[in-house]
2 protein chains.
Amino acid sequence: MEAQDKTETRSETQPETQTEAGTLHQTLVANIRNLLIEGGLAAGQRIPEAELCQRFGVSRTPLREALKVLASEGFIQLRPNRGAILAPLDPGQIAPIFELKGALERLIGLTAADRATEAELTRLSTLHHALNDTLASGNLASYTQLNYDFHKGLAEATRNAELMQSYDILQQKIWRFRFLVNDSFSRIEESFAEHEQIMIALRARTPLDLAARLEAHNQKTCDAMQRAVAQLDQPG
Amino acid sequence: MEAQDKTETRSETQPETQTEAGTLHQTLVANIRNLLIEGGLAAGQRIPEAELCQRFGVSRTPLREALKVLASEGFIQLRPNRGAILAPLDPGQIAPIFELKGALERLIGLTAADRATEAELTRLSTLHHALNDTLASGNLASYTQLNYDFHKGLAEATRNAELMQSYDILQQKIWRFRFLVNDSFSRIEESFAEHEQIMIALRARTPLDLAARLEAHNQKTCDAMQRAVAQLDQPG
DNA sequence: AACCGGAATTTTGAATGCAAAATCGCCCTG
DNA sequence: CAGGGCGATTTTGCATTCAAAATTCCGGTT
């Protein structure tokens, strides 16, 4: 059942990426990234080219090109003449990632409050209500997906493509940790309460309040993530 | 003479990148990136694989792998079956880049003030004095290089690798605009005065002051950059 | 059982080849 | 002169091949 939930979560995100792409290269990058995150591979594990070629039904050339991009994204590490490994997940990375994301959240808060269109507010409200529905049904996978969409929508409302791109990169990195901790990272009731506050500030178009709410939300998520990862080291 | 200055500026940055690398792939990425920034190519210009292979003396395979990475960095745009083009430089990108960089500068200020070691302070002071020397001699190329090193050193003092990486990506993007505007973007006296204030706040280890100084410095650089780019549209 | 050395096998980095798509150049027509 | 069509040429995406590096396997020695 858990494995099933994972598949659902990513499958809903993955098609979006594919429809935006169009080339084998970009499809391959996304598919391999998906496999790296959800495929049950262990950090540090070797990623043989031949296996991937067989799995995805492509020759080595486009496969290697995709691996190069994934390496520059930090998902894998290339070792000369020894192949690629899945980049190790270092719990020490959590704090720096969330610290940086906190700075981006603040900027999102300061700018989205003024720049969001009414249409965007409506969309975010719709997502917010969907989050509420998912909370009632207790569907973690759906909540996670909608949460991703909600925050992505907020970043888009800033109208700063650079910010959106940087934010998404961080979301992808956090995604891998989420899969690592699985259900032990579940704070959806608390999260939704924070989303309520975020929506209030957004509707009121109060930049400082919105920024503070987003930063606090980010910090709490960081704390929960660190606790969940710390629990992985404890005996079952 | 201008062409000579450009070469000097990048050559001093480029060797550092190469020594950190070690593989043909990484060397090629750096070399092509350098060519894209300083090679006098026009935005939107086609980048034929065959030319690059000849120029760098490699076969198409590693060349294509490098191009894929540069595309994911946003330096080039890949068009299916039509080859790569140098990504257009849109003046509208300046504000978003600097807006995001402003958020990072703030975080750098808030964290470096507490986290910088004495050795790092010493190094930054040395760079600061070198900047002063360069100001006296009016060497723009050297000032630009040392300025890059100074800000990089500040980012390193935060001890946040994610932040350092994101900051460097933005620096690289800004670099391209710098080459576009060339000498019309010259504010080294004003810049140095701002660096003085930055050093004072850093030595005093006052996070809020340092953050404010870095943000102001960033904003003024943004303003100057936008003015310089706007002048490019004016009749010579 | 553990360790070492050498041979065999596998994997990787890069070159080359092939077919499809795009571009270029030339000629004809209005 | 401008535009369109067609053939020739070039460029691109990807498969395949080759040589070097790394890993694995096997046998012998302690």
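Sequence lines set the chain letters: A, B, ... in the order given, protein chains first and strands last, and positions in each chain run from 1.
Applying the side-chain hydrogen bond (donor to acceptor under 3.5 Å, both in side chains) test to residues at least two apart or on different chains, the pairs with a partner in residues 66-77 of chain A are A:Arg33-A:Glu73, A:Lys68-B:Glu65. The list of salt bridge (charged side-chain N to carboxylate O under 4.0 Å, His left out) pairs with a residue in residues 43-52 of chain A, not counting sequence neighbours, reads A:Glu49-A:Arg60, A:Glu49-A:Arg64. Among pairs with a residue in residues 168-177 of chain A, those fulfilling salt bridge (charged side-chain N to carboxylate O under 4.0 Å, His left out) read A:Lys173-B:Glu162, at least two apart in sequence or across chains.
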Under 3.5 Å, which donor-acceptor pairs link side chains of residues 80-88 of chain B to any protein atom two or more places apart or in another chain?
none

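Using a 4.0 Å cut-off between charged side-chain N and carboxylate O, B:Arg106 and A:Glu99 make no salt bridge.
Spacing between atom CD of A:Gln26 and atom P of D:dG13 amounts to 11 Å, rounded to whole angstrom units. For the pair B:Leu28 CG and C:dG13 P, the computed distance is 14 Å after rounding to whole Å. Across the protein-nucleic acid pair, A:Leu63 atom CG and C:dG13 atom P stand 12 Å apart, rounded to whole Å. In this structure, A:Glu65 places its CD atom 13 Å from C1' of C:dG13, rounding to the nearest Å.
B:Arg55 is linked by a salt bridge (Lys or Arg N to Asp or Glu O under 4.0 Å) to nothing, counting only residues two or more places apart in sequence or in another chain. When the side chain to side chain donor-acceptor pair (under 3.5 Å) test is applied to A:Lys101, the partners found at least two apart in sequence or on another chain are A:Glu105, A:Asn218. With sequence neighbours left out, A:Glu156 forms a salt bridge (Lys or Arg N to Asp or Glu O under 4.0 Å) with no residue at all.
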Dump every N/O contact between nucleotides 9-12 of chain D and the protein below 3.5 Å, one line per pair.
unit_1: D:dT11; atom_1: O3'; unit_2: B:Arg46; atom_2: NH2; d: 3.3
unit_1: D:dT12; atom_1: OP2; unit_2: B:Glu49; atom_2: N; d: 3.3

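Listed by residue number, there are no residues of residues 70-78 of chain A with a heavy-atom contact under 4.0 Å to DNA chain D.
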